[in-house]
There are 2 protein chains.
Amino acid sequence: MTQSAEGQFRAGSLAHRVPDLGALELLLAVARLGSLGGAARELGITQPAASSRIRSMERQLGVALVDRSPRGSRLTDAGALVTDWARRVVEAAEAFDVGAQALRDRRDSRLRVAASMTIAEYLLPGWLLALRAQRPDTAVSLLAGNSAAVAERLLADEADLGFVEGVSVASGLDSVVIAHDNLIVVTAPGHVWARRRRPLEASELAVTPLILREKGSGTRQVLDAALGGLARPLIELSSTTAVKAAAVGGAGPAVLSELAVGEELSMRRLVRVPLADVSLARDLRAVWPTGHRPVGPARDLLSLTRG
Amino acid sequence: MTQSAEGQFRAGSLAHRVPDLGALELLLAVARLGSLGGAARELGITQPAASSRIRSMERQLGVALVDRSPRGSRLTDAGALVTDWARRVVEAAEAFDVGAQALRDRRDSRLRVAASMTIAEYLLPGWLLALRAQRPDTAVSLLAGNSAAVAERLLADEADLGFVEGVSVASGLDSVVIAHDNLIVVTAPGHVWARRRRPLEASELAVTPLILREKGSGTRQVLDAALGGLARPLIELSSTTAVKAAAVGGAGPAVLSELAVGEELSMRRLVRVPLADVSLARDLRAVWPTGHRPVGPARDLLSLTRG
DNA sequence: ACTGAGTCATAAGCCCAGTTTATGTCGCCA
DNA sequence: TGGCGACATAAACTGGGCTTATGACTCAGT
């Protein structure tokens, strides 16, 4: 009531402006099947429910999404676009789902995975989706922790397969490199360095206060090693997420895993600063107890992760 | 009842296993603020509502997410992981939101954008989010179509700024290259080419039946030009999405924009096949009517898109 | 100790979005 | 012209999520 201007923001957060997951799924089904009734059947609801749901989604968005005809329904142009955006939301939700299922401590798990935080956050959900696609019955449980914790679980036979980032591997474990990760320097688009063309020298990086993870973290170790000394922290934060948030907010340049900032880079919330002579690469490895070469589900997962 | 085995899939689609957007937003707020009540305040609901919502989310996922104490609430380890996955869902929803708002035909728009499909699908939501971050009041409207339609809108003064992919620019329009896009060859992980080390030669690509967009599409034109002849279609489909789906399903190798398959590559639903001597690059350009150099909101958006 | 301000939990009642069942309308095809 | 499929409409039910009101607990300051 006492509200200002065009109430397009204030009025309820995201959840009120974006259709819920069920509606988005329904839209995808309509797009795929070309029929409201068919989509309804697939989702196990009745046709009027689907009809009304699509209708209310159109009302909510203020855009016609599907062309109804007595012979079926096709997406409008706008509908096609919306559907593509919806697909990305649903895919993120699928990753969430498969991750959350693995997180639940299930006794009956046939595959117990232990992974470092970065890998569990950014890579594992994708792998688990792929695994589920080809072996739908494999129940997976996930335990996330640092490298030491992963090693511990494997050696105690509380996990079948582990994933760690970093240079060294604990004794008693075999490993194979499955991917490479680069640490990169990023800033908010407004920062001076964002417009910079000339690559950054190590010396320059070493004397600039940076937004960093806490001392002892994997990324910090790699950075210190590469700089041949200690990086100067502007702030120290205890999670990748917090570092990202600070960088996006314009607090300064940050050093982060490429994996962590893919989204932010493509949305231009962050900009990558070119690096000259510094190599901030690190290996991502799958690990398992020496001798216990992965078999069965563990082997399946492992083979998915190798490029 | 008559259901088989561990009912972890059957039982309701995604929407029933994944908390709704409101709950995920709430979780992010709790993570950021360290307090249920604080998060509730921020979202404009009462503390008991937040409390109960988090609780039911924990019940739904079967995992404890937050440690409550009389001094506040902190995420558990599992909660931190879940929150990170939740953030990705919410970010996708934000992109959906800003896109959908622009799609709505608003007379009062201060910035009217026309964009080709690929750009509207994959890049524009990110740009609009960035734009909203720095100019919250700019109302944007979006019109998606092919290059010709974009040109038409601009010349009819029905759009202020356009974005197109492709080589040529219609006469009467000025343009600037804002990014580059590569077409790449992808297959399902099971395909022979997925394990291939030796890069693919143009000659080889030319004789292999491929999953392609329809003739006349931008990607098809670039491909034909690069092969110095015509690509052989295995199937022709009318949307990027359909091509992706076919490729993921293992129908064969496909040629697609790098932009379209980022997600699929990182989730290993698709694998990139290395190319030897073929260059499938194309420019992405911002365009505007000759002489009407972008000013105001259009200039703001344009400057966001340039790397 | 006591009080006050912060936290979260519990209980009871309200409300609306989304659902189902039942029916109506329209177009196409045999 | 009947019949089938697809979508729309109407009315009644249900439940999840909300609010208000209250209670229990911890900490800090007096």
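All values below were derived from every heavy atom in this structure, side-chain atoms included, with hydrogens, water molecules and symmetry-related copies excluded. Just so it is clear: chains get the letters A, B, ... in the order the sequence lines come, proteins before strands, and each one is counted from 1.
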query: Are A:L123 and A:L259 side-chain neighbours, meaning at least one heavy-atom pair lies under 4.5 Å?
result: yes
task: Let me know the distance between CZ of A:R68 and C1' of C:dC26, rounded to the nearest Å.
output: 15 Å
field: Closest to side chain of A:S52, choosing from D:dC18, C:dT19, D:dT19
entry: C:dT19
task: For B:I45 and C:dC14, give me the distance from atom CD1 to atom P, rounded to whole Å.
output: 21 Å
- request: Please say whether more than 12 non-hydrogen atoms of neighbouring residues, nucleotides or ligands are located less than 6.0 Å from CZ in B:R74.
  value: no
statement: Per atom distances to the A:P70 side chain, the nearest of D:dC7, C:dA11, C:dG27 is C:dG27
Under-4.0 Å side-chain N/O to phosphate OP1/OP2 contact, B:R53 with D:dC18: yes
- line: To the nearest angstrom, the NE2-C1' distance between B:H16 and C:dT19 comes to 11 Å
message: If you compare every side-chain N and O of A:T46 against the phosphate oxygens of C:dT19 (OP1, OP2), does one of them come in below 4.0 Å?
response: no
message: Measure CZ/B:R41 against P/C:dT7 and give the value in whole Å, please.
response: 5 Å
Backbone N/O of B:R112 and side chain of B:S109: donor-acceptor pair under 3.5 Å: no
task: Round to the nearest Å and state the distance from B:I54 atom CD1 to D:dG17 atom C1'.
output: 14 Å
- prompt: Between D:dA8, C:dC28, D:dT19, which nucleotide gets closest to the side-chain atoms of A:Q47?
  reply: D:dA8
field: Flag for B:T241-A:D84: side-chain donor and acceptor within less than 3.5 Å
entry: yes
- prompt: When you measure from the side chain of B:S51, which nucleotide among D:dA8, C:dC8, C:dC26 comes out closest?
  reply: C:dC8
- line: The nucleotide from C:dG18, C:dT20, D:dT19 with an atom nearest the side chain of A:D20 is C:dG18
- request: Could you check which of C:dC8, C:dT20, D:dC18 has an atom nearest any side-chain atom of B:S73?
  value: C:dC8
Between P of D:dT9 and CZ of A:R59, the distance in whole Å: 12 Å
- line: Whole-Å distance, B:M57 CE to D:dG17 P, equals 11 Å
query: Any idea which of D:dT20, C:dG18, D:dA6 is nearest the A:S35 side chain?
result: D:dA6
Whole angstrom value for the distance that separates C1' of D:dT26 from CG of B:L36: 16 Å
A:L75 side chain near A:T83 side chain, heavy-atom distance below 4.5 Å: yes
- prompt: Below 4.0 angstrom from OP1 or OP2 of D:dA8, is there any side-chain N or O of A:R55?
  reply: yes
task: Using the closest heavy atom to pick a nucleotide of DNA chain C for each, name whichever of A:P48 or A:S56 lands nearer the 5' end.
output: A:S56
